Amino acid sequence: MPSDTYDYVIVGGGTAGCVLASRLHHGDPSLSIVVIEAGSDVSKRADVLDGSQWAPLLGTELNWDYKTVPQKHLGDRSIANAAGKALGGSTAINAGAWTRGDRQNYNHWGHVVKDSRWSYDGLLPYFRKIETFHDPHGSANSHGFDGPIKQITPSARGYPLRNPLQAAWAAAGVGFIPDMNSGEPLGVAEMIEDRLDGQRIVAPFVYPLDGVDVLTNTLVKRVIIKDINGKKVATAVELADNETVIAARREVIVSAGAYRSPQVLMLSGLGPRDELEKHGIDVLVDTPDVGLHLHDHLSVLQWWKLKTPEKGLSIGSPFFINSDYFKGNPVDFFTTQSVPKQGLLDALAVDGNFDNAEVASQRSHHETWIMYVAQNAENPAIIPDGTHITTSVICMLPTSRGSIKIADADPSSAPLIDPNYMATEADRYTLREGMRKLYQVFRETDAGREVVESETVGEGTKAVSPEVSNEDLNEKIRRHPQYVYSFSSLCMC
Ligand SMILES: Cc1cc2nc3c(=O)[nH]c(=O)nc-3n(C[C@H](O)[C@H](O)[C@H](O)COP(=O)(O)OP(=O)(O)OC[C@H]3O[C@@H](n4cnc5c(N)ncnc54)[C@H](O)[C@@H]3O)c2cc1C
């Protein structure tokens, strides 16, 4: 153990934890800082560094590999929820897609917290500072050109479906936009990935931790809170060995990710009283919101039979062999769209959600990926033989709210994750609209029909058509939901 008292003690050496530690140190090298991370140092692992393959990493110890509690609105299915367990956190296993959100989302944050630093313009200097934009001629107002996160696009890979799909989207009324990361993402846009000389960018590679003490393979149990002059102050952390205590002169920072940060807080006695008492944890501060309001952007998968698979259009085809195709995610575009306002207002009314003008404005409601691979999760009719592509429509502005609870007082137990997916009619409406739009793209345009012969459905579901009912589409959502890491069948090839 290097030392047992530091100025800053950071719990969780993931994306946020590494960046914070690095920035604190470089801002003032005299500070003593420790990062405590449950996972391992992956800086020498070839499988992590390989920027082209990430899905195989989900099957390793670098993934906490959570399952949600059975999801009431998804036919009681438990959905796999991945999260990185490594120095670098989820950047050690993620897909590396670099997407800035819609300006309106950030402005809403700024409004909610009454702090303009969280608005789009408040955050823009940081968006610029972090990136090296892929196009040196891009807008200097929107982008940075010498930041640590280097970006690439798939355009040079020459996927054969690139132009046909762009034409099909255009025929369905969705035009190409040159830059989805400008705060205005509506349209068909180049998918951007972050890569450094073809390699994965793990947070501590570009936010170095030299001068910071790092404890890997070390699980934190709780933050120790003391009463000092009538104030509750976080003074130290206790490790899961129930013995080691590491003290903080200035601050304890909990950056253990969306699932485990609430767990650490609850094990520290900060959380909803009844939840803590249920597990025999002393309540230091009754904070009912800890673990509440969880929301996540679920997607629905569909599979489309290609009209001319012999042209080598999708992974698994003996003709999909250009080595450039495998230099990143097998996707050209992310397509971001708004749903019709009245339909959404009607759906919000069904939910009794009448105070949501923000959600119902013209903004990014769903995003669609068209993947050059037949991902066969839960659809045995699909094999990755180059005959199919997979689409994923993602609900980008979910109104469903769930929770994180603790299973017991053991820090090594997985938290109980309940995103309460698709609890609202607004979320189901959004995904239904996304699926109907895809039908229009593939089946109602000449350009789309040149690409796709038909939709191949999973058991118990119907192909989208003008005749299918909302309930038929809801059933597709229930049967083919996916947590958004949908490129994962790459690992099968
Ligand atoms: C498979 C996958 C694909 C993704 N793809 C993309 C993508 O393409 N584009 C994108 O923008 N985002 C993507 N993401 C999401 C993105 O990676 C995360 O939003 C981001 O990394 C979260 O950062 P964080 O610091 O909040 O948490 P994390 O990076 O998850 O870090 C939390 C860290 O805390 C550690 N920890 C937890 N509990 C404890 C404890 N008690 N003691 C000590 N350490 C602890 C964990 O091991 C972890 O290292 C993906 C995520 C996953 C899992």
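Since the model is a prediction, treat every value here as computed from it, not as a measurement. Both counts, for ligands and for their atoms, begin at 1 and track the order of listing.
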Backbone N or O of [Y] within a donor-acceptor pair of the [X] side chain at under 3.5 Å?
X: His295; Y: His293; value: yes
X: Gln263; Y: Ser413; value: yes
X: Glu37; Y: Gly39; value: yes

For [X] and ligand 1, does the shortest N/O to N/O distance drop below 3.5 Å?
X: Trp98; answer: no
X: Lys85; answer: no
X: Ala83; answer: no
X: Ala38; answer: yes

Which bit of [X] gets closer than 4.0 Å to ligand 1, counting heavy atoms only: side chain, backbone, both or neither?
X: Trp64; result: side chain
X: Ala203; result: neither
X: Leu87; result: neither
X: Pro411; result: neither

Any atoms of ligand 1 less than 4.0 Å from a non-hydrogen atom of [X]? List them with their elements.
X: Ser255; answer: 32 (C), 34 (O)
X: Ile36; answer: 43 (C), 44 (N)
X: Ala86; answer: 49 (O)
X: Gly96; answer: 7 (C), 8 (O)
X: Gly257; answer: 26 (O), 27 (O), 32 (C)
X: Ala16; answer: 25 (O)
X: Gly89; answer: 29 (O), 31 (O), 48 (C), 49 (O)
X: Gly84; answer: 46 (C), 47 (O), 48 (C), 49 (O)

Identify the residue among Asp135, Asp179, Thr132 that makes a side chain to side chain donor-acceptor pair (under 3.5 Å) with His143. Asp179
Spatial distance of atom OG1 (Thr218) from atom CG (Asp241) [nearest 0.5 Å]: 9.0 Å
Interatomic spacing from CZ in Arg195 to CG in Asp50 - rounded to 0.5 Å: 8.5 Å
Heavy-atom gap [X] to ligand 1 smaller than 4.0 Å:
X: Thr99; result: no
X: Asn63; result: no
X: Trp54; result: yes

Best match, Ile10, Asn94, Val19: closest heavy atom to atom 12 (N) of ligand 1: Asn94
Proximity winner for atom 10 (C) of ligand 1, if only heavy atoms of Ser261, Ala258, Ala97, Ser90 are counted: Ala97
Test Phe333 against every option in Met180, Met191, Arg162 by the side chain to side chain contact (heavy atoms under 4.5 Å, CB included) rule and name the one that passes. Arg162
Within a reach of under 6.0 Å around CZ of Phe145, are more than 12 heavy atoms found that belong to other residues, nucleotides or ligands? yes
CG/Asp197: more than 12 non-hydrogen atoms of other groups inside 6.0 Å: no
Can a donor-acceptor pair be found between the side chains of Trp304 and Thr391 at a distance below 3.5 Å? yes
When the ring centroid of Phe334 is compared with that of Trp369, is the distance short of 6.0 Å? yes
N-O pairing of Glu61 and Lys85 below 4.0 Å: no
Which class fits the ring pair Tyr66 and Trp64: parallel under 30°, tilted 30 to 60°, perpendicular over 60°? parallel
